[in-house]
*Asks:* 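Got a structure here, written out as structure tokens. Questions coming.
In what follows, chains are A, B, ... by sequence order, proteins preceding strands, each numbered from 1.
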Amino acid sequence: MNQLFIGIILVLGLGGYYLYSENVTLKENNAKLVIAVEEQKQVIATMKEDMERNALSRDNLQRELNSAEAEKSRYLGILSRHNFEKLATVKPGLMENRFNNGTKELFEVIENETAKSGTSKSTDSDN
Amino acid sequence: MKLQNLALASLLIAITSGCSLLPTQQIEIASRPIERNIVPPPPVRPVALNDIQLYVVSEAKLVNRCNQIPKVDADGKPVLKQDGTQQTTRPKVCDQKDREHPDWPEGYTKKDQFEDIIRDMNKGDLVFVAMTISDYKILTENNQDLVRWIRAVKAQEQYWLDITGNNPELEKNVKQSLESKEPVEEKKSGFKLPKILGGKDE
């Protein structure tokens, strides 16, 4: 009878130890999973931020491209609306001033556009 | 025989328990954030353009106005302005020497002036590059298309700076936008169910 009890106690003891060690492992796993979830939350937040940044950047880009197209269309409209041949024949001095001023303005626009550096903090390579 | 039964029993237990008696595998998770380090290239040196002089040439006669002379009244007395200085007038008829450009002969045209300017520049030779008005229009259109392209490229450059986080202004906007999209927390009511009835601890 005693042998039976000793056997039962041994089995229970071994079983208890096994369950305890299992519990320790599961706790460790749980802690790691909590950390993993936190990391995933951070990843999701970063992805949301990236998406928002991309959307805003894309909007800005589209706006700038549309502006460039509109500016060109405006100039082409001016060219198509006026009869330069007639004006130049009758008032060559006036048209000469306009052509020269327009060319100067165009050169300034190109210089200004190429001089605009982005918002980066990189150094100028003007040397 | 006993050993065989024991082995069979062990095998049976292992199969029916779905290997649950095997030791639990520990999960190893190793996540390391990778810092983005995209350094934009240095900007390219901007263009420096020199001015050019265009001449519009036609056979229109140039206006050679008379020089201004002091204005006098009917009695021959000088007419003064409010500030005391003498008023001037520009007569419609005058001698050639009294004109703004006394060296211009009668009927001097824009074409004549252009030829004189070119001959002065080239030691008496008449040589120049000419362009028709329609070609000038085409040149202007081409230039405007180049400007459009430059602006588009600059916009694309700015786009890359923006998406790589090199635009502090945009970063502010991103944060503001994200904050505005955050869900608003529900207001908790003051009522709290007792724990004994299934209420939760705060």
*Asks:* Return the option, out of A:Q42, A:M95, A:E85, A:R63, with the maximum number of heavy-atom pairs under 4.5 Å with chain B.
*Replies:*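 With the most close heavy-atom pairs to chain B, the winner is A:E85.
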
*Asks:* How far apart are the closest heavy atoms of A:E111 and B:L49, and which atoms are they?
*Replies:*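 Smallest interatomic distance, heavy atoms only, reads OE2-N, 2.6 Å.
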
*Asks:* Would you mind checking which part of B:I52 comes under 4.5 Å of any heavy atom in chain A, side chain (CB onward), backbone (N, CA, C, O), both or neither?
*Replies:* both

*Asks:* Quick one: of B:E169, B:K181, B:K175, B:K61, who has the most non-hydrogen atom pairs under 4.5 Å with chain A?
*Replies:*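 Most heavy-atom pairs under 4.5 Å with chain A: B:K181.
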
*Asks:* Among A:V43, A:T103, A:N112, who wins on heavy-atom pairs under 4.5 Å with chain B?
*Replies:*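 Top option by heavy-atom pairs under 4.5 Å: A:T103.
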
*Asks:* Taking side chain as everything from C-beta outward and backbone as N, CA, C, O, which of these in A:E39 sits under 4.5 Å from a heavy atom of chain B? Side chain, backbone, both or neither.
*Replies:* side chain

*Asks:* Do you know the tightest heavy-atom contact between A:I110 and B:V147?
*Replies:* CG1-CG2, 3.7 Å

*Asks:* Can you see which heavy atom on A:P92 is nearest to which on B:S58, and at what distance?
*Replies:*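 That would be CG-OG, 3.3 Å.
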
*Asks:* If you count every heavy atom of other residues, nucleotides or ligands that lies below 6.0 Å from B:Q53 atom CD, does the total exceed 12?
*Replies:* yes

*Asks:* Going from NZ on A:K72 to CD on B:Q144, what distance comes out if it is rounded to the nearest 0.5 angstrom?
*Replies:*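 Separation between the atoms: 9.0 Å.
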
*Asks:* Would you compute the distance between atom CG of B:L170 and atom CG of A:N60 and round it to the nearest 0.5 angstrom?
*Replies:* 6.0 Å

*Asks:* Considering only heavy atoms, which portion of B:K137 lies under 4.5 Å from any heavy atom of chain A: side chain, backbone, both, or neither?
*Replies:* both

*Asks:* Just verifying a value: how many Å separate A:T89 OG1 and B:K110 NZ, rounded to the nearest 0.5 Å?
*Replies:* 12.5 Å

*Asks:* Do A:L61 and B:W160 pass the side-chain contact (heavy atoms from CB on, under 4.5 Å) test, and can you show the C-alpha distance, the side-chain angles, and the key distance before you say yes or no?
*Replies:* CA-CA 10 Å; A:L61 173 66; B:W160 287 113; over 6 Å; no

*Asks:* Please find the pair of heavy atoms, one from A:S57 and one from B:D162, that lie closest to each other, and give the distance.
*Replies:* OG-CB, 3.2 Å

*Asks:* Do you know the tightest heavy-atom contact between A:E96 and B:L54?
*Replies:*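 Taking every non-hydrogen atom into account, CG-O, 3.2 Å.
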
*Asks:* Can you tell me which portion of A:N97 sits under 4.5 Å from chain B's heavy atoms? Options are side chain, backbone, both or neither.
*Replies:*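 Contact with chain B involves no heavy atom of A:N97 at all.
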
*Asks:* Which atoms of A:E28 come close to chain B, meaning under 4.5 Å heavy atom to heavy atom: side chain ones, backbone ones, both, or neither?
*Replies:*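 For A:E28, the side chain is the part near chain B, not the backbone.
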
*Asks:* Would you mind checking which part of A:L76 comes under 4.5 Å of any heavy atom in chain B, side chain (CB onward), backbone (N, CA, C, O), both or neither?
*Replies:* side chain

*Asks:* In Å, rounded to the nearest 0.5 Å, how long is the span from CE of B:M131 to CZ of A:F99?
*Replies:* 10.0 Å

*Asks:* Let me know if B:I150 has heavy atoms under 4.5 Å from chain A in its side chain, its backbone, both or neither.
*Replies:*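 Contact with chain A involves the side chain of B:I150 alone.
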
*Asks:* Distance check, rounded to the nearest 0.5 Å: B:R148 atom CZ versus A:S67 atom OG?
*Replies:*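 Interatomic distance, B:R148 CZ to A:S67 OG, rounded to 0.5 Å: 12.0 Å.
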
*Asks:* Identify the heavy atoms of A:L65 and B:A155 that sit nearest to each other, and give their distance.
*Replies:* CD2-CB, 4.5 Å

*Asks:* Where on A:Y75 is there a heavy atom nearer than 4.5 Å to chain B: the side chain, the backbone, both, or neither?
*Replies:* side chain

*Asks:* Would you check if A:E49 and B:E171 make a side-chain contact, meaning some heavy-atom pair closer than 4.5 Å?
*Replies:* yes

*Asks:* Among the options A:E69, A:K48, A:K91, A:E71, pick out the one with the most heavy-atom pairs lying under 4.5 Å from chain B.
*Replies:* A:E69

*Asks:* A:V90, A:N100, A:L33, A:L106: which one forms the most heavy-atom pairs within less than 4.5 Å of chain B?
*Replies:* A:N100

*Asks:* With only heavy atoms counted, which part of A:N54 is less than 4.5 Å from chain B, the side chain, the backbone, both or neither?
*Replies:* both

*Asks:* Can we say B:K154 and A:E64 salt-bridge, meaning some charged N sits less than 4.0 Å from an Asp/Glu carboxylate O?
*Replies:*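 Between A:E64 and B:K154 there is no salt bridge, as every charged N stays at least 4.0 Å from the carboxylate O atoms.
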
*Asks:* Tell me, for B:S134 versus chain A, whether the close heavy atoms (under 4.5 Å) come from the side chain, the backbone, both or neither.
*Replies:*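 Both backbone and side chain.
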
*Asks:* With a 4.5 angstrom heavy-atom cut-off, which part of A:V109 approaches chain B: side chain, backbone, both or neither?
*Replies:*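 The side chain, not the backbone.
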
*Asks:* Could you tell me whether A:K32 atom NZ has more than 12 heavy atoms of other residues or ligands within 6.0 Å of it?
*Replies:*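 Enclosed.
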
*Asks:* Quick check: are there more than 12 heavy atoms from other residues, nucleotides or ligands sitting under 6.0 Å from CZ of A:R98?
*Replies:* no

*Asks:* To the nearest 0.5 angstrom, please state how far the CG atom of A:L56 sits from the CD1 atom of B:I163.
*Replies:*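 The CG atom of A:L56 sits 12.5 Å away from the CD1 atom of B:I163.
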
*Asks:* When only pairs under 4.5 Å are counted, which of B:L139, B:D145, B:N173, B:V57 shares the most heavy-atom pairs with chain A?
*Replies:*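 If we count pairs closer than 4.5 Å to chain A, B:D145 comes out on top.
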
